[in-house]
Amino acid sequence: MDFHRCIGCRYCMVACTYGARSFNFVDPRKGLDMSRVNPNYPTRTRGVVEKCTLCSERIDKGEIPACVEDCKQKALVFGDINDPKSEIRGIVESRYTLVRKPEMGTKPQIYYIVS
């Protein structure tokens, strides 16, 4: 999905098996402190569909997604599930977790902890 080529038809919202796409009816930049905007990644605009990318531009630089970094309660964890010593691997192995719609064959890698 390319946010910058989106024409706002919303067909991708209908096709998304996870219901993970949303349409910006209003300008999501309203009230945004433009001095803190990353010039290497264009900001979102009104009239386009978007979904979470887990801050792929941050991951490419070896950083964690902004939501994980900002979550002081540690409700969000990000890491390499294939690394047996990673925090996320330990959590997934020790707690009851779910993934959304694995039967779709898309190999989802977002785990939800069920308390």
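By convention here, the first residue in the shown sequence is residue 1.
Closest non-hydrogen pair, Asp83 versus Arg89, comes out as O-CB, 3.4 Å. The minimum heavy-atom distance between Val99 and Ile110, with the atom names listed, is CG1-O, 3.3 Å. Taking every heavy atom of both residues into account, Ile59 and Pro65 meet most closely at CD1-CG, 4.3 Å. The shortest heavy-atom contact between Arg46 and Phe25 is NE-O, 3.3 Å.
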Please list every donor-acceptor pair under 3.5 Å in which a side-chain atom of residues 68-78 meets a protein atom from a residue at least two apart or in another chain.
from  : atom 1 : to    : atom 2 : distance (Å)
Glu69 : OE1    : Arg58 : NH2    : 2.7

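Looking at heavy atoms from C-beta onward, Lys101 lies out of side-chain contact with Thr106 at the 4.5 angstrom threshold. Looking only at side-chain heavy atoms (C-beta outward), Tyr111 and Ile81 come within less than 4.5 Å of each other.
By the rule that hydrophobic residues join a cluster once side-chain heavy atoms approach within less than 4.5 Å of another member, Leu98 and Ile113 end up as members of separate clusters. Linking ILVMFWY side-chain heavy atoms closer than 4.5 Å, directly or via other members, places Leu54 and Tyr112 in a single hydrophobic cluster.
Here CD1 of Ile88 is found 10.0 Å from CD of Gln109. Values are rounded to the nearest 0.5 Å. Cys6 contributes atom SG, which lies 13.0 Å from atom OH of Tyr11 (distance to the nearest 0.5 angstrom). Atom-to-atom distance recorded for Arg10:CZ and Arg21:CZ is 14.0 Å, nearest 0.5 angstrom.
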